[in-house]
Amino acid sequence: MGQLIVQKYGGSSVADPEKIKSVARRVAESAAKGHRMVVVVSAMGKTTDALVALVDAVTPAPDPREVDMVLATGEQVTIGLLAMALQAMGRPACSFTGPQVGMVTDGVHTRARIRHITAERIHAALDAGKIVVVAGFQGMTESGDVTTLGRGGSDLTGVALAAALKADVCEIFTDVDGVYTADPNVVPEARKLARVSYDEMLEMAALGAKVLQARSVEFAKKFAVPVHVRSTFKPDPGTLVTREDHSMEDVVVTGITHDRGQAKLSILRVPDRPGIASLVFGGLAKQNIVVDMIVQNIGRDGSTDISFTLPRGDRQRAETVLAAVAKEIGADGVAADDRIAKVSIVGVGMRSHSGVAARVFSTLSKENINIQMISTSEIAVSCVIEDKYAELAVRALHDAFELGKEPAA
Ligand code: ADP
Ligand code: ASP
Ligand code: MG
C-alpha cells in the first residue's frame, strides 16, 4: 500500500513552463510508485513580488482585503498549469484553490491564520485516483473572503494539509538541497544538516532562514508532521525536520541566520513614568504590527529612549502610529533606521553550555562590528548590527563556531 505524500514546490521550482513540466515528471514518478499525491505549489518565480509592486504602484495605503485579492492570483496560475502538465503525461490530476479545499482562516488579511481545513474535495479527488494540486499561500474567511497566509505561506499550506490529511510526510522541494548551517548562498562552507529539531528550525526560520516559513514549522511541531526539505533539481535526500533527540544536545550551535528585512524605530526622550511603554506598544498592537526586539535605555533627567525592531514593510505604518503617540506623551520625536540586520546563532545545546554569547560578542568585536541591540532566548542569541556587515558577521560566526566541520560523533 502506497503512502499519502504532500509535496510542496516553491516559486523558483515552478518559475517557467519547462520547470513546471519537470515538476510534473517528479510528481508522476512518486505517483507511479503507488503513492497518493497532494501537491502544493507557489506562484511562478518572483510573481508575488511583482504583484506586491503593482499594489504599491496604485496606493501606499491599500485595503488589506484587496491586497489579498491581488496576491492570491499568483498561485492560481501555477495550479492550472501543473494539473494540465500532469494530464498531458497521462496522469489524472485536478487543481484546487485554497477556498475550494476549505482552507478556512481568520480575517487578518495578508497574514491570516488557519482555523480549520475541511479538505472534502481533496479526499474525493484522491479517492477518484487523481493527483491533487492545491494553491499554496491562500485561504478564505468563514464569510468567504480570500486571504493569504503571509510571505512564504505555501510552506504552511503544505504542512497544514499534511497534518489535516494525516499524510506520511510533507516534502518541501526548493532551490537548495536542505537546511544548512547558514544560508549556502552567503556562506559557501555551510554544511547540510541531516536532521534538525522542530525547535531549532522554528528559531532559525523566525530569525531569518527563509528556507521554511516560521509558522509552517510551528504547525509541523504542533501536529508532529515530519518535514523533509529537499532539492527540486537533485534526487538526494535533504534535511529531516523532526522531534529533538538526545544526540542533538551535544551540538552547541546548529546554525547561523541573518535577517535583512527589519527596521529599527526609536522614540526619543520619552517621559520615564509608568504606563508609557503600554501606550507605545498598545498603539502598534492595535494596528496588528508585530514588534521584535525592544530596548529601553536607562532613564536620565526623567526621560528615556525606547528602540525596537519590526518588519521593514511595517515601518511606515508604525512611524505614523508612533508620531501620534509621541505627541500625546510629550516625547521628542521618532527616528527610523532601515539599514540594520539581525544576525543570530541557534542551537538546542546552548541550554546546557555556557560562554556562547560571550563568543558571539568577541567574534563581532574582532571584526570591528558594533552591536546595537542584543536579545537571547533559551536556544538563540541575536544581535542587531549595521546592515552592510551582515554577511561578514555571518561568515565570521560560522567560522568561530566551526560549523563547516562535521561535528564529532
Ligand atoms: P522557495 O521559493 O522554494 O520557497 P525560498 O527562497 O523561500 O524558496 O527559500 C530557499 C532559500 O532559503 C535558499 O535559496 C537560501 O538562499 C535560503 N536560506 C536561508 N537560510 C538557509 C539555510 N540555513 N539553509 C538553506 N537555505 C537557506
Ligand atoms: N508566493 C508566496 C510568496 O512569494 C508564497 C510562497 O511562495 O510561499 O510569498
Ligand atoms: Mg519559501
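One-based numbering, in listed order, for ligands and for the atoms of each.
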Asker: Atoms of ligand 1 less than 4.0 Å from Ala209 heavy atoms?
Answerer: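 Close to Ala209: 19 (C), 20 (N).
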
Asker: For ligand 1, which atoms have a heavy atom of Val179 less than 4.0 angstrom away?
Answerer: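 Those of ligand 1 that fall under 4.0 Å from Val179 are 24 (N).
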
Asker: Among side-chain atoms of Asp68 and Thr147, is any donor-acceptor pair under 3.5 angstrom?
Answerer: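 No, Thr147 and Asp68 have no side-chain donor paired with an acceptor closer than 3.5 Å.
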
Asker: Pull out every atom of ligand 2 sitting under 4.0 Å from any heavy atom of Gly152, numbered as shown with elements.
Answerer: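 Answer for ligand 2: 3 (C), 5 (C), 6 (C), 8 (O), 9 (O).
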
Asker: Taking side chain as C-beta onward, heavy atoms only, is Tyr198 less than 4.5 Å from Lys222?
Answerer: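 No, every pair of side-chain atoms sits at 4.5 Å or beyond.
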
Asker: Identify, for atom 3 (O) of ligand 1, the protein heavy atom at the shortest distance, and state residue, atom and that distance.
Answerer: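 The closest heavy atom on the protein side is Thr174 OG1, 2.7 Å.
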
Asker: Could you go through the salt bridge (charged side-chain N to carboxylate O under 4.0 Å, His left out) check for Arg312 and Asp259 one step at a time?
Answerer: CA-CA 11 Å; Arg312 211 169 279 175; Asp259 182 352; over 6 Å; no

Asker: Thinking salt bridges, do Arg315 and Glu319 make one under a 4.0 Å N-O criterion?
Answerer: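 Result for this pair is yes, salt bridge flagged.
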
Asker: Would you mind checking which non-hydrogen protein atom is closest to atom 7 (O) of ligand 2, with the distance to 0.1 Å?
Answerer: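 Closest protein heavy atom to atom 7 (O) of ligand 2: Ser42 OG, 3.0 Å.
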
Asker: Under 4.0 Å between a side-chain nitrogen and a carboxylate oxygen: does that hold for Lys21 and Glu18?
Answerer: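 Yes, charged N to carboxylate O under 4.0 Å.
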
Asker: What protein heavy atom lies closest to atom 25 (C) of ligand 1? Include the residue and the distance to one decimal.
Answerer: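 Nearest protein contact, heavy atoms only, for atom 25 (C) of ligand 1 is Gly178 O, 3.3 Å.
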
Asker: Measure the distances from the heavy atoms of Gly10 to every atom of ligand 2 and state whether one is below 4.0 angstrom.
Answerer: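 No; Gly10 lies far enough from ligand 2 that no heavy-atom distance drops under 4.0 Å.
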
Asker: Quick one: nearest non-hydrogen protein atom to atom 4 (O) of ligand 1, plus distance?
Answerer: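 Protein heavy atom with the smallest distance to atom 4 (O) of ligand 1: Lys8 NZ, 3.1 Å.
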
Asker: Among protein heavy atoms, which sits nearest to atom 9 (O) of ligand 2, and what does the distance come to when rounded to 0.1 Å?
Answerer: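 Protein heavy atom with the smallest distance to atom 9 (O) of ligand 2: Arg151 NE, 2.6 Å.
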
Asker: Can you tell me the protein heavy atom closest to atom 23 (N) of ligand 1 and the distance?
Answerer: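 Scanning the protein heavy atoms, the shortest distance from atom 23 (N) of ligand 1 goes to Tyr180 O, 3.0 Å.
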
Asker: By number and element, which atoms of ligand 1 are closer than 4.0 Å to a non-hydrogen atom of Gly11?
Answerer: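 Those atoms are 2 (O).
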
Asker: Give the ring-plane orientation class for Phe173 versus Tyr9, where under 30° counts as parallel, over 60° as perpendicular and anything between as tilted.
Answerer: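 Correct class here is parallel.
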
Asker: Between Thr48 and ligand 2, does any nitrogen or oxygen pair lie at a separation below 3.5 Å?
Answerer: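 The answer is yes, given that Thr48 and ligand 2 share an N or O pair closer than 3.5 Å.
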
Asker: Identify whether the distance between the nearest side-chain nitrogen and carboxylate oxygen of Asp399 and Lys366 falls below 4.0 Å.
Answerer: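 No, this pair does not count.
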
Asker: Return the closest protein heavy atom for atom 13 (C) of ligand 1 as residue, atom name and distance.
Answerer: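 Here the nearest protein heavy atom works out to Asp175 OD1, 3.5 Å.
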
Asker: Ignoring hydrogens, just give me the one of Lys210, Met204, Arg151 whose non-hydrogen atom is nearest atom 6 (O) of ligand 1.
Answerer: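 The nearest heavy atom belongs to Lys210.
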
Asker: Nearest protein heavy-atom contact for atom 27 (C) of ligand 1: which residue, which atom, what distance?
Answerer: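 Going by distance alone, atom 27 (C) of ligand 1 is nearest to Val211 CB, 3.7 Å.
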
Asker: Under 4.0 Å between a side-chain nitrogen and a carboxylate oxygen: does that hold for Arg395 and Glu367?
Answerer: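 Here Arg395 does not pair with Glu367 in a salt bridge, since their nearest N and O are not under 4.0 Å apart.
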
Asker: I need the contact type for Glu75 against ligand 2. Using non-hydrogen atoms and a strict under-4.0 Å cut-off, is it side chain, backbone, both or neither?
Answerer: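 Glu75 to ligand 2: side-chain contact only, backbone stays beyond 4.0 Å.
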
Asker: Quick one: closest heavy-atom pair of Arg317 and Asn288, and the distance?
Answerer: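 Closest pair (atom of Arg317, atom of Asn288, distance): NH2-O, 4.3 Å.
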
Asker: Considering non-hydrogen atoms of the protein only, which is the closest contact for atom 17 (C) of ligand 1, and what is the distance?
Answerer: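 Ranking protein heavy atoms by distance from atom 17 (C) of ligand 1, first comes Asp183 OD2, 3.7 Å.
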
Asker: Which heavy atom of Ser307 sits nearest to which heavy atom of Ser266, and what is that distance?
Answerer: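 Shortest heavy-atom contact: OG-OG, 2.8 Å.
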
Asker: Hey, which atoms in ligand 1 end up nearer than 4.0 Å to a heavy atom of Pro184?
Answerer: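 Contacts of ligand 1 toward Pro184, numbered from 1: 24 (N), 25 (C), 26 (N), 27 (C).
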
Asker: Identify the closest protein heavy atom to atom 6 (C) of ligand 2: which residue and atom is it, and at what distance?
Answerer: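 Residue, atom and distance for the closest contact: Ser154 OG, 3.4 Å.
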
